[in-house]
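Every value quoted in this text rests on a predicted model; they were computed, and no experiment measured them.
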Amino acid sequence: MDTAQMIECRYYQKLEDGRVVCLLCPHHCRIADGKVGVCRSRKNENGVLVSEVYGKPCSLAIDPIEKKPLYHFHPGTTCLSIACTGCNFRCLNCQNHEISQVSPNESSYYNLLPQAVVEICKEHHCPGIAYTYTEPLTYLEYITDTARLAHENSLWNILVTAGYVCQEPLKDLLPYLDAANIDLKSFSDDLYMKVSGGHLQPVLDTILAMHNAGVWVELTNLIIPGVNDDMQMIRQMCRWIADNGLADNPLHFSRFFPRYKMNDISPTPIHTLKEAKEVAREEGIRNVYLGNI
């Protein structure tokens with residue numbers, strides 16, 4: 001086991017029987033010695049919860065910022081995109097399941113501690129770092145340390161996330177975040193559990209916490225035919241967004257394509273996306289975009 005794997009996690013509690021309770025996300029996984037939590041990347045090693053992906057990103061790329069998608073945060077610029085394996089959701093339609101739904105030892109990786117990530121970003125003249133592709137909040141210790149150094153070097157920090165995290169750990173990251181795209185998968189707790197294996201309310205809490213902290217927030221809603229394309233539910237979602245002070249923040253309706261465990265569902269009809277856009281505008285959302293079309 002190399003040094004990066006032995007970084008102790010900051011958000012957990014030890015139990016008397018050798019198990020630990022991870023306090024990073026609402027799953028609150030109780031993890032026996034030698035086992036991992038739902039995200040697969042946080043492991044109990046002899047009663048100590050360690051991150052197996054700290055300093056071990058599995059993916060690096062330079063992307064246009066619009067790809068995140070962020071349309072109203074420094075458009076026309078690029079960012080260094082970085083990801084580690086792992087996710088605390090089990091989305092049936094996951095677009096990056098090859099790296100999000102695997103253990104760290106099932107993927108190749110780079111050895112890059114936070115300082116090295118910052119140096120790569122500067123070397124390639126990227127004004128910011130995007131923590132993306134998988135669920136960055138599952139390796140929050142790594143991105144917090146990297147984001148702190150990024151700010152010290154006048155670089156932006158961008159989070160692309162499903163937002164499933166407890167509020168106390170999130171508070172440690174918020175001072176270093178500049179922008180985020182949050183995937184609001186639906187406006188139904190039942191659908192969240194059925195499709196992703198989690199709950200809606202913690203995601204809403206994350207959206208509001210970021211917005212209230214001054215982080216620039218854009219939202220993405222992937223519309224899946226027959227799953228979350230009910231226009232009344234979409235209207236309720238848009239009303240919540242507007243009622244909570246985010247009417248000027250971009251909302252991206254994204255087109256679904258067959259993927260992972262949802263290969264039997266057809267792509268989203270364009271007219272469904274257009275109807276959702278009209279519903280959003282009727283509810284006061286002023287910046288609505290259609291993606292994957």
Side-chain angles (χ1 to χ4, degrees), residues 10-11 24-26 39 41 51 53-54 57-75 77-89 91 94-96 99-100 114 117-118 121 126-153 155-185 196 198 202-222 246 249-252 254:
R10 296 170 192 160
Y11 314 101
L24 179 62
C25 89
C39 66
S41 60
S51 171
V53 296
Y54 189 105
C58 63
S59 182
L60 288 171
I62 295 174
D63 290 325
I65 203 164
E66 288 82 1
K67 185 180 177 182
K68 297 301 101 188
L70 288 172
Y71 282 11
H72 289 208
F73 182 80
H74 299 286
T77 59
T78 60
C79 53
L80 176 68
S81 293
I82 182 171
C84 299
T85 59
C87 185
N88 52 0
F89 273 166
C91 298
C94 184
Q95 298 181 32
N96 291 319
I99 55 176
S100 72
V117 176
V118 170
C121 191
C126 294
I129 303 170
Y131 311 92
T132 180
Y133 301 146
T134 56
E135 179 45 73
L137 291 172
T138 61
Y139 47 95
L140 192 143
E141 294 89 355
Y142 182 37
I143 62 173
T144 299
D145 292 349
T146 305
R148 184 186 298 112
L149 281 175
H151 265 195
E152 291 174 3
N153 286 269
L155 301 173
W156 309 319
N157 290 301
I158 299 162
L159 195 71
V160 182
T161 176
Y164 206 61
V165 67
C166 293
Q167 291 302 296
E168 286 303 315
L170 179 62
K171 287 179 183 177
D172 290 342
L173 178 61
L174 286 177
Y176 310 109
L177 279 186
D178 299 288
N181 185 290
I182 303 172
D183 188 6
L184 184 51
K185 298 177 183 297
S196 302
V203 179
L204 301 181
D205 294 342
T206 295
I207 293 170
L208 295 183
M210 289 189 180
H211 178 62
N212 292 336
V215 178
W216 178 249
V217 173
E218 301 193 18
L219 302 174
T220 294
N221 177 233
L222 177 73
L246 291 114
N249 295 65
L251 172 60
H252 304 261
S254 190

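L170 is listed as a side-chain neighbour of T206, based on a closest heavy-atom distance under 4.5 Å. Proximity of V165 to Y11: side-chain heavy atoms (C-beta onward) are nowhere separated by under 4.5 Å. When side chains are defined from C-beta on, V203 counts as touching L184, because their heavy atoms get closer than 4.5 Å. Between V117 and L60, every side-chain heavy-atom pair lies at or beyond the 4.5 Å cut-off. Residues S100 and T85 have side chains not in contact (no heavy-atom distance under 4.5 Å, counting atoms from C-beta outward). Proximity of Y176 to I143: side-chain heavy atoms (C-beta onward) are nowhere separated by under 4.5 Å. Side-chain atoms of L137 and C25, non-hydrogen and from C-beta on, never get closer than 4.5 Å to each other.
Of all heavy-atom pairs between T138 and S41, the closest is O-OG, 4.0 Å. Scanning all heavy atoms of the two residues, the minimum distance from Y133 to S81 falls at OH-CB, 3.3 Å. Listed here is the closest heavy atom pair of Q167 and A209: OE1-CB, 3.3 Å. Contact detail for I158 and C79: the closest heavy-atom pair is CD1-CB, 4.4 Å. The minimum heavy-atom distance between I62 and L80, with the atom names listed, is CG1-CD1, 4.3 Å. Across all their heavy atoms, A180 and V215 have their closest contact at N-CG1, 4.0 Å.
For the atom pair CG (L24) and SG (C166), the distance works out to 7.0 Å, reported to the nearest 0.5 Å. Atom CG of N96 and atom SG of C91 lie 11.0 Å apart (nearest 0.5 Å). Annotation: the span from L140 atom CG to D145 atom CG amounts to 9.5 Å, rounded to 0.5 Å. Residue H72 holds its NE2 atom at 10.0 Å from CG of L70, rounded to the nearest 0.5 Å. In this structure, the separation between CG on N221 and CD1 on I182 is 13.0 Å, given to the nearest 0.5 Å. To the nearest 0.5 Å, the span separating NE2 on H211 from CG on L246 amounts to 4.5 Å.
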For L173 and L159, run side chain to side chain contact (heavy atoms under 4.5 Å, CB included): C-alpha distance rounded to whole Å, both residues' side-chain angles, the deciding distance at 0.1 Å, then the answer. CA-CA 10 Å; L173 178 61; L159 195 71; 4.3 Å; yes

For the pair L222 and K185, evaluate side chain to side chain contact (heavy atoms under 4.5 Å, CB included) and give the outcome as yes or no after the intermediate values. CA-CA 6 Å; L222 177 73; K185 298 177 183 297; over 6 Å; no

Assess whether side chain to side chain contact (heavy atoms under 4.5 Å, CB included) is satisfied between I82 and Y142, documenting all intermediate values. CA-CA 11 Å; I82 182 171; Y142 182 37; 3.8 Å; yes

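The closest donor-acceptor contact from the side chain of E218 to the backbone of Y71 lies under 3.5 Å. In this structure a side-chain-to-backbone donor-acceptor pair under 3.5 Å is present from E141 to R10. Using modelled atom types, no side-chain atom of N181 and backbone atom of V160 make a donor-acceptor pair closer than 3.5 Å. Not a single donor-acceptor pair under 3.5 Å links the side chain of T134 to the backbone N or O of C87.
Here T144 pairs with nothing under the side-chain hydrogen bond (donor to acceptor under 3.5 Å, both in side chains) rule; sequence neighbours left out.
Under 3.5 Å, the side chains of K68 and T220 contain no donor-acceptor pair of N or O atoms.
The list of side chain to side chain donor-acceptor pair (under 3.5 Å) pairs with a residue in residues 156-165, not counting sequence neighbours, reads Y131-N157, E135-T161.
Within a 6.0 Å sphere centred on CD of Q95, other residues, nucleotides and ligands contribute 12 heavy atoms or fewer.
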